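Every value quoted in this text rests on a predicted model; they were computed, and no experiment measured them. In this chain, numbering begins with 1 at the start of the sequence shown. The figures here come from the full heavy-atom set of this structure, side chains too, leaving out hydrogens, waters and symmetry mates.
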Amino acid sequence: MAQISTVTPAEKKRMVYESREFAKKALEKDELCWAAHKWYGVCLSDVGDYEGIKVKIGNAYIIKEHFQRAIELNPKDATTIHLIGLWYYMFADMPWYQKKIASTLFAALPPATFEEALVYFQMAEEADPNFYSKNLLYLGKSYLKLKNNELGLFWISKAKDYPARSEEDQQVISSKSSILH
């Protein structure tokens with residue numbers, strides 16, 4: 001709900017923090033619940049958007065651990081596999097100045113490459129083909145980062161042609177032109 005454009009910034013922030021607490025309680029109730037691990041990781045990442053780069057990077061390893069635990073408990077969940085791919089992609093794509101700032105705050109940034117991100121996006125697509133427009137988009141973006149323009153454009157075209165069932169799908173469809181220019 002916090003992702004819907006009609007939600008006010010204050011309401012979104014409240015939802016993000018509240019969601020983290022719900023996910024934390026779910027984990028306390030059942031440590032073996034894959035969905036609780038997935039959503040705790042998502043919520044912790046979202047909270048980092050409000051608390052700055054230091055907190056976001058500081059939580060990065062915790063987020064990844066929860067996503068990995070969710071996959072151990074449910075290896076067929078394409079969304080969680082996609083989220084690990086996104087984790088790798090975001091760190092691989094971090095601008096140099098953010099890496100410089102982060103390296104002064106932390107001993108080491110999480111190692112991440114576009115190749116690793118691509119592996120997870122591919123695994124997500126194998127687990128559930130065409131399940132998510134953003135996975136198609138990030139497959140394309142990863143291939144473009146790796147200088148494979150043919151496959152990059154193929155996956156971005158698939159994302160563009162994806163039926164828009166949500167606001168997020170519509171954003172993915174409209175982002176194609178900005179990626180290619």
Side-chain angles (χ1 to χ4, degrees), residues 1-74 77-121 124 132-135 137-138 141-142 145 166-172 174-175 178-179:
M1 296 227 9
Q3 301 302 323
I4 298 172
S5 64
T6 56
V7 173
T8 67
E11 186 70 4
K12 179 179 179 167
K13 184 176 182 179
R14 183 193 61 75
M15 286 180 189
V16 164
Y17 280 90
E18 191 175 275
S19 297
R20 180 189 59 182
E21 291 310 307
F22 284 130
K24 187 176 179 182
K25 287 177 184 173
L27 275 175
E28 290 167 1
K29 196 159 186 70
D30 185 359
E31 175 65 28
L32 297 177
C33 177
W34 68 271
H37 282 281
K38 173 172 93 172
W39 286 108
Y40 185 73
V42 168
C43 294
L44 199 55
S45 178
D46 288 347
V47 163
D49 292 341
Y50 293 100
E51 296 187 2
I53 188 99
K54 184 175 182 180
V55 171
K56 194 156 185 95
I57 293 172
N59 287 339
Y61 290 106
I62 299 165
I63 292 165
K64 184 180 173 193
E65 286 171 14
H66 282 282
F67 289 160
Q68 288 175 320
R69 184 67 177 133
I71 289 174
E72 288 170 17
L73 296 167
N74 182 4
D77 183 50
T79 305
T80 306
I81 299 167
H82 165 81
L83 289 169
I84 291 182
L86 198 56
W87 186 94
Y88 278 105
Y89 188 95
M90 293 305 167
F91 278 101
D93 200 39
M94 185 180 278
W96 69 268
Y97 64 90
Q98 284 185 353
K99 288 180 183 177
K100 185 80 171 160
I101 292 167
S103 68
T104 63
L105 301 172
F106 301 97
L109 279 174
T113 65
F114 292 113
E115 290 87 353
E116 290 168 307
L118 180 61
V119 167
Y120 282 99
F121 296 139
Y132 188 34
S133 61
K134 240 182 182 170
N135 196 65
L137 177 66
Y138 276 93
K141 289 174 74 163
S142 296
K145 290 286 188 180
S166 69
E167 222 177 274
E168 188 176 42
D169 290 335
Q170 193 56 50
Q171 290 169 353
V172 166
S174 64
S175 72
S178 66
I179 291 168

Subject >> Which residues share a salt bridge (charged side-chain N to carboxylate O under 4.0 Å, His left out) with R69, sequence neighbours left out >> reply: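 Partners of R69 by the salt bridge (charged side-chain N to carboxylate O under 4.0 Å, His left out) criterion, ordered by chain and then number, come out as E72.
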Quick one: list whatever passes side-chain hydrogen bond (donor to acceptor under 3.5 Å, both in side chains) with [X], sequence neighbours left out.
X: D93; value: K145
X: Y17; value: E51
X: K56; value: S45, D49

For [X], which residues count as a side chain to side chain contact (heavy atoms under 4.5 Å, CB included) partner, sequence neighbours excluded?
X: P111; value: Y61
X: A26; value: A36
X: E18; value: R14, F22

Original post:
Which pairs, with at least one residue in residues 23-34 and sequence neighbours excluded, count as a salt bridge (Lys or Arg N to Asp or Glu O under 4.0 Å)?
Top reply: none
Does [X] have any ring pair (Phe, Tyr, Trp, His ring centres under 6.0 Å) partners at least two apart in sequence or in another chain, and if so, which?
X: Y89; value: F114, Y138
X: W87; value: F91
X: H37; value: H66

Point-to-point distance, once rounded to the nearest 0.5 Å, from [atom1] of [X] to [atom2] of [Y]:
X: I71; Y: Q68; atom1: CD1; atom2: CD; value: 7.0 Å
X: K38; Y: D77; atom1: NZ; atom2: CG; value: 4.0 Å
X: D46; Y: I63; atom1: CG; atom2: CD1; value: 8.5 Å

Original post:
Side chains of V42 and F67: closer than 4.5 Å at any heavy-atom pair?
Top reply: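 Sidechains of F67 and V42: in contact.
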For [X] and [Y], which heavy atoms make the closest approach, and how far apart are they?
X: A92; Y: K99; answer: O-NZ, 3.8 Å
X: L73; Y: L32; answer: CD1-O, 3.4 Å
X: T80; Y: A70; answer: CG2-CB, 3.7 Å

**OP:** Using the six-membered ring wherever Trp is involved, compare the ring planes of Y88 and Y120 and label them parallel, tilted or perpendicular (cut-offs 30° and 60°).
**Re:**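 Because their plane-to-plane angle is under 30°, the rings of Y88 and Y120 count as parallel.
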Original post:
Any donor-acceptor pair under 3.5 Å linking the side chain of E116 with the backbone of T113?
Top reply: yes
**OP:** Would you indicate whether W34, at its atom CH2, is surrounded by more than 12 heavy atoms from other residues, nucleotides or ligands within a distance under 6.0 Å?
**Re:** yes
